[in-house]
Amino acid sequence: MRIATYNVNGVNGRLPVLLRWLKEAAPDIACLQELKAPQEKFPEGPIRDLGYDVIWHGQKSWNGVAILSRVGNIHQTRRGLPGDPDDSHSRYIEAAVNGILIGCLYLPNGNPRPGPKFDYKLRWFDRLIDHAAELVASRQPVVLAGDFNVMPTELDVYKPERWLDDALFAPEARAAYATLLEQGWTDALRSRHPGEKIYTFWDYFRNAFGRNAGLRIDHLLVSPSLRKRLIDAQVDVEVRGWEKSSDHAPVWIELS
DNA sequence: ATGGCCGCTGGAAGCGGA
């Protein structure tokens with residue numbers, strides 16, 4: 001079973017690219033982030049036409065997350081992270097699909113740092129850590145997939161010294177990610193490619209993709225109960241080179 | 001050091017992104 005995550009950066013503007021990728025890569029389950037569309041403007045029809053069941057949590061202009069499945073119906077278990085009833089951002093949706101719990105997340109960017117946006121990022125991260133601990137304790141098979149907006153190590157940045165003060169590479173953000181992994185999660189892409197420069201994002205500036213000046217910020221974490229089933233993890237790098245591409249590439253794992 | 005490029009909103013130019 002193949003499970004993918006893809007920050008589409010605008011689900012309607014990206015629809016031709018998204019549909020092409022779904023047809024060619026045919027992931028069994030796909031998590032999408034940055035829909036940038038209100039709930040009623042999600043392109044449900046074209047996605048269902050490709051054979052996917054789908055749930056989503058939209059928001060006008062920003063954020064927004066969705067889960068797609070072509071291997072059985074999606075049973076939503078959560079909309080939004082627990083821990084802050086005043087958080088109005090659409091950044092987390094969770095569902096049981098084909099015997100696996102899927103958490104699809106879009107962690108706050110957090111720039112500029114320091115500042116209120118960075119504070120929000122760290123608070124959101126703390127809430128994710130608390131919720132993830134409960135998921136591990138439940139012993140269910142779980143995949144946490146999405147745009148974490150964190151490069152976990154220096155290996156995950158094309159030029160680490162340039163990013164030290166950035167919210168995506170800040171010590172606090174990396175420490176939070178490390179705390180998450182210490183619960184027992186496996187960073188699927190890194191575990192399959194130790195020591196390898198492997199990126200999931202290239203910005204639109206300065207020919208970043210052509211220079212491979214990238215970041216690894218889209219992650220799939222598998223729970224301890226799923227670790228033995230992880231047989232592959234890859235980035236669909238070529239999708240980033242398509243016309244009208246997102247600045248992120250899709251990432252996927254294969255479970256036996 | 002800066003700004004470069006995008007998508008969205010609203011119907012111009014500003015915001016947020018990373």
Give the rounded distance in Å between these two atoms: CZ of A:Phe118 and P of B:dG16.
18 Å

Atom pair distance, as rounded to whole Å: CG in A:Asp203 and C1' in B:dG3
11 Å

If you look at every strand shown and take non-hydrogen atoms under 4.0 Å, does A:Asn7 touch a base, only sugar-phosphate, or nothing?
sugar-phosphate

Rounded distance (Å) that lies between atom P of B:dG17 and atom CZ of A:Arg113:
17 Å

Pairwise P distance, B:dA12 and B:dG17 [rounded to whole Å]:
26 Å

Would you tabulate the pairs of protein nitrogen or oxygen atoms and nucleotide nitrogen or oxygen atoms of nucleotides 7-12 of chain B closer than 3.5 angstrom?
residue	atom	partner	partner atom	Å
B:dG7	OP1	A:Arg14	NH1	3.3
B:dC8	OP1	A:Gly13	N	3.4
B:dG10	OP1	A:Lys60	NZ	3.3

By the 4.0 Å heavy-atom rule, please label A:Lys117 as base, sugar-phosphate, or nothing.
sugar-phosphate

Using OP1 and OP2 only, check whether a side-chain N or O of A:His248 sits under 4.0 Å from B:dA18.
yes

Show your working on side-chain contact (heavy atoms from CB on, under 4.5 Å) between A:Tyr52 and A:Ile74 and close with a plain yes or no.
CA-CA 10 Å; A:Tyr52 285 92; A:Ile74 300 170; over 6 Å; no

Of all heavy-atom pairs linking A:Ala170 and A:Arg113, the shortest is CB-NE, 3.3 Å

Once side-chain hydrogen bond (donor to acceptor under 3.5 Å, both in side chains) is applied, do any residues pair with A:Thr200, and if so which ones, sequence neighbours excluded?
A:Asp218

Distance-only donor-acceptor check, side chains A:Asp236 and A:Tyr6, under 3.5 Å:
no

With no hydrogens and no angle check, just 3.5 Å: does a side-chain donor-acceptor pair link A:Gln140 and A:Ser223?
no

Would you tell me whether A:Glu94 and A:His131 have side-chain atoms, one donor and one acceptor, within less than 3.5 Å of each other?
yes

Using heavy atoms to find the nearest nucleotide of DNA chain B for A:Tyr106 and A:Arg162 separately, return the residue whose nucleotide is more 5′.
A:Arg162

Would the base of B:dA18 count as contacting A:Asn109 through its side chain, where contact means a donor and an acceptor less than 3.5 Å apart?
yes

Select base, sugar-phosphate, or nothing to describe what A:Asp166 touches, counting heavy atoms under 4.0 Å on all strands.
nothing

Quick one: A:Phe209 CZ to B:dA18 P, roughly how many Å, whole number?
18 Å

Take atom P in B:dA18 and the same atom in B:dC8, then report the distance between them in whole Å.
14 Å

With heavy atoms under 4.0 Å as the rule, sort A:Asn63 into base, sugar-phosphate or nothing.
nothing

If I pick the C1' atom on B:dA1 and the same atom on B:dC6, what distance separates them, to the nearest angstrom?
22 Å

Judged by atom type as modelled, is there a donor-acceptor pair below 3.5 Å linking the side chain of A:Arg174 to the main-chain atoms of A:Phe169?
yes

Between P on B:dA18 and CZ on A:Arg216, what's the gap in Å once rounded to a whole number?
16 Å

For A:Asn9 and A:Lys36, which I'm curious about, is there any donor-acceptor pair between the side chains at under 3.5 Å?
yes

If we take the P atom in both B:dG14 and B:dG10, what is their distance in whole Å?
16 Å

Round to the nearest Å and state the distance from A:Met151 atom CE to B:dA18 atom C1'.
8 Å

Whole Å only: how far is the CZ atom of A:Phe148 from the P atom of B:dA18?
14 Å

Taken to the nearest whole Å, CG/A:Asp247 to C1'/B:dG16 is 12 Å

